[in-house]
There are 2 protein chains.
Amino acid sequence: MPQPQLSRETLLPRLAAHVLEHGLGGASLRPLARAAGTSDRMLIYHFGNKETLITELLGYIAGLYAGALDAALGSDRPATRQDCLARILAEGSKPAMQAFLVLWWDIVAGAARGVPGYREAAQEMMTRQLAWLEGQMPADDPDPAGGARYLMTLIEGALMLGAVGHDDTAQQGLLASGLASP
Amino acid sequence: MPQPQLSRETLLPRLAAHVLEHGLGGASLRPLARAAGTSDRMLIYHFGNKETLITELLGYIAGLYAGALDAALGSDRPATRQDCLARILAEGSKPAMQAFLVLWWDIVAGAARGVPGYREAAQEMMTRQLAWLEGQMPADDPDPAGGARYLMTLIEGALMLGAVGHDDTAQQGLLASGLASP
DNA sequence: AGGGCTATGTAGCGAACGCTACAAGAGGAA
DNA sequence: TTCCTCTTGTAGCGTTCGCTACATAGCCCT
């Protein structure tokens, strides 16, 4: 009997790719297994049950997200908060980030409803993004910590408005904040 | 045979109450029917299929939300943007709004993924909230339209951060924006 | 060599899913 | 009265769900 030596570590990347494409809502064992080249039977064997599978998967995806942020970290800092915001919005509109974004709202919904594992993953991703953002603040910023949290709040609001088709509202809001130019 | 004369109109309020409590993710016909005092058979009879049921339900909930906003409309306008923001955040933290908020992230997730009906409902709710917010802007505000969109972006960002356990981040962000006081 | 232990395949369980076929009661129309 | 339409109940279809029972092939240890 062949032993492709499947483990959680080798499984998680392919599972992550599947949920990034198809979302968490319809993530049931058999499609997940097919995407990972194994069977539902083996997913249960390796993870115990579906809930821990999802929890570990969310943790893994949070790690992926952290890696993507690190990769996006430029060596030169922006000169102003305006530049900073512009860079981040450019980063978030990259196609590679779109799949993350769509999945992100699944995670937020789960976190808001209290589904086990979701809040932890969401919190970790936001904490990581906040740290990244603080590192991206202008060197001469009078209040990098507060400024990063301010930008963060604006960015997340803009992303949400964009997700529901209110991109224009967000754009005009950022304009009125004085942190974006037309 | 008794005819309790059930129609879409009499059904929708009870269906809405159910999804406000249990969310849209697990909203399947039989539990929905039980909550509405009927059977899955009759839900299909009245709505045709589940997709149109959900679509109509989302529209109805958008109407509920609009009504809640109207009810929250005070006759006196706030004097400053700061007051305005404070009032809105107070409004959003009312217990009656919590169920809406949890459901809201379900809707956002569906809208982001392109599930039929979700984007329309989300857009309608945001449009309505934006109009309400514009009406709440200070009478002497130099740019009510832009200011409302700016506040909107901040508020939605703060709500999202709150949903994932980053309330403190949002609070410090609002503080750094100069629109909130400690 | 033999006995565990780990990893896997096959088959299937009971439940829930969206939806449908069929019959039947109630009320109006002819 | 007789028929026809609207509304409802009962039963069940085929599918998918998470999960399990059981068998078995390879590996390591003694």
Side-chain angles (χ1 to χ4, degrees), chain A residues 1-16 18-19 21-61 103 106-107 109-110 113-118 121, chain B residues 1-16 18-19 21-60 106-107 109-110 113-118 121:
Chain A
M1 208 175 256
Q3 267 166 268
Q5 203 62 17
L6 289 177
S7 65
R8 304 187 183 205
E9 287 66 35
T10 58
L11 251 14
L12 282 174
R14 311 199 223 182
L15 297 176
H18 184 262
V19 302
E21 187 174 359
H22 298 97
L24 281 163
S28 43
L29 289 181
R30 270 165 264 240
L32 278 172
R34 222 175 299 124
T38 178
S39 65
D40 58 332
R41 166 70 182 77
M42 290 316 294
L43 290 185
I44 296 294
Y45 174 74
H46 283 296
F47 293 95
N49 54 49
K50 190 188 174 184
E51 182 178 317
T52 52
L53 186 158
I54 295 293
T55 302
E56 296 207 17
L57 185 50
L58 287 178
Y60 177 78
I61 289 173
L103 183 62
D106 272 345
I107 298 176
R113 176 145 288 117
V115 186
Y118 281 63
Chain B
M1 210 171 250
Q3 268 167 266
Q5 205 59 18
L6 288 177
S7 65
R8 304 187 183 204
E9 286 66 35
T10 58
L11 251 14
L12 282 174
R14 312 199 223 181
L15 297 176
H18 183 263
V19 303
E21 186 175 359
H22 298 98
L24 282 163
S28 43
L29 288 182
R30 270 166 264 241
L32 278 173
R34 223 175 298 123
T38 179
S39 65
D40 57 333
R41 165 70 182 77
M42 291 313 295
L43 290 185
I44 295 294
Y45 174 73
H46 283 297
F47 293 95
N49 54 50
K50 191 189 175 184
E51 183 178 317
T52 52
L53 186 157
I54 295 293
T55 302
E56 296 207 18
L57 184 51
L58 288 179
Y60 177 78
D106 272 346
I107 299 176
R113 177 145 288 118
V115 186
Y118 281 62

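Within every chain, numbering begins at 1; the chains are lettered A, B, ... in the order of the sequence lines, protein sequences first and strands thereafter. As the structure is a computational prediction, the values presented were derived from the model and not from experiment.
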> Are OP1 or OP2 of D:dT8 and a side-chain N or O of B:H46 less than 4.0 angstrom apart?
Replying inline: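 Yes, such a contact exists.
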> Want to settle it: does B:R41 or A:M42 sit nearer the 5' end of DNA chain C, counting the closest nucleotide to each?
Replying inline: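 Residue closer to the 5' terminus by nearest nucleotide: A:M42.
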Atom [atom1] of [X] to atom [atom2] of [N]: distance rounded to whole Å?
X	N	atom1	atom2	answer
A:L43	D:dC17	CG	P	12 Å
A:L32	D:dC19	CG	C1'	15 Å
A:L24	D:dC17	CG	C1'	17 Å
A:Y45	D:dC22	OH	P	17 Å
A:I44	D:dA21	CD1	P	13 Å

Show me the side-chain donor-acceptor pairs of residues 48-59 of chain A shorter than 3.5 Å, one per line, residues at least two apart or across chains.
residue	atom	partner	partner atom	Å
A:N49	OD1	A:E51	N	3.2
A:N49	OD1	A:T52	N	3.0
A:N49	OD1	A:T52	OG1	3.1
A:K50	NZ	A:A27	O	2.9
A:T52	OG1	A:F47	O	2.5
A:T52	OG1	A:N49	O	3.1
A:T55	OG1	A:E51	O	2.9
A:E56	OE1	A:R8	NH1	3.2
A:E56	OE2	A:R8	NH1	2.1

Write down the protein N/O and nucleotide N/O pairs, taken from nucleotides 12-17 of chain C, whose separation is under 3.5 Å; answer none if there are no such pairs.
residue	atom	partner	partner atom	Å
C:dC17	OP1	B:S28	OG	2.1

> Roughly how far, to the nearest 0.5 Å, is the CG atom of A:L103 from the CG atom of A:L24?
Replying inline: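 With rounding to 0.5 Å, CG (A:L24) is 5.0 Å from CG (A:L103).
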> So what does B:T38 hit on the nucleic acid, given a heavy-atom distance under 4.0 Å: a base, only sugar-phosphate, or nothing?
Replying inline: nothing
> Taking only residues two or more places apart in sequence, or in another chain, which ones meet B:P31 in a side chain to side chain contact (heavy atoms under 4.5 Å, CB included)?
Replying inline: B:H18, B:S28, B:R34
> Who pairs with B:H46 by ring-ring contact (aromatic ring centres under 6.0 Å, His included), at least two apart in sequence or on another chain?
Replying inline: none
> For A:R30, what residues pass the salt bridge (charged side-chain N to carboxylate O under 4.0 Å, His left out) criterion, not counting sequence neighbours?
Replying inline: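 Once residues adjacent in sequence are excluded, the partners of A:R30 under the salt bridge (charged side-chain N to carboxylate O under 4.0 Å, His left out) criterion are A:D40.
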> Which atoms form the tightest heavy-atom contact between B:A36 and B:L11, and what is the distance?
Replying inline: CB-CD1, 4.1 Å
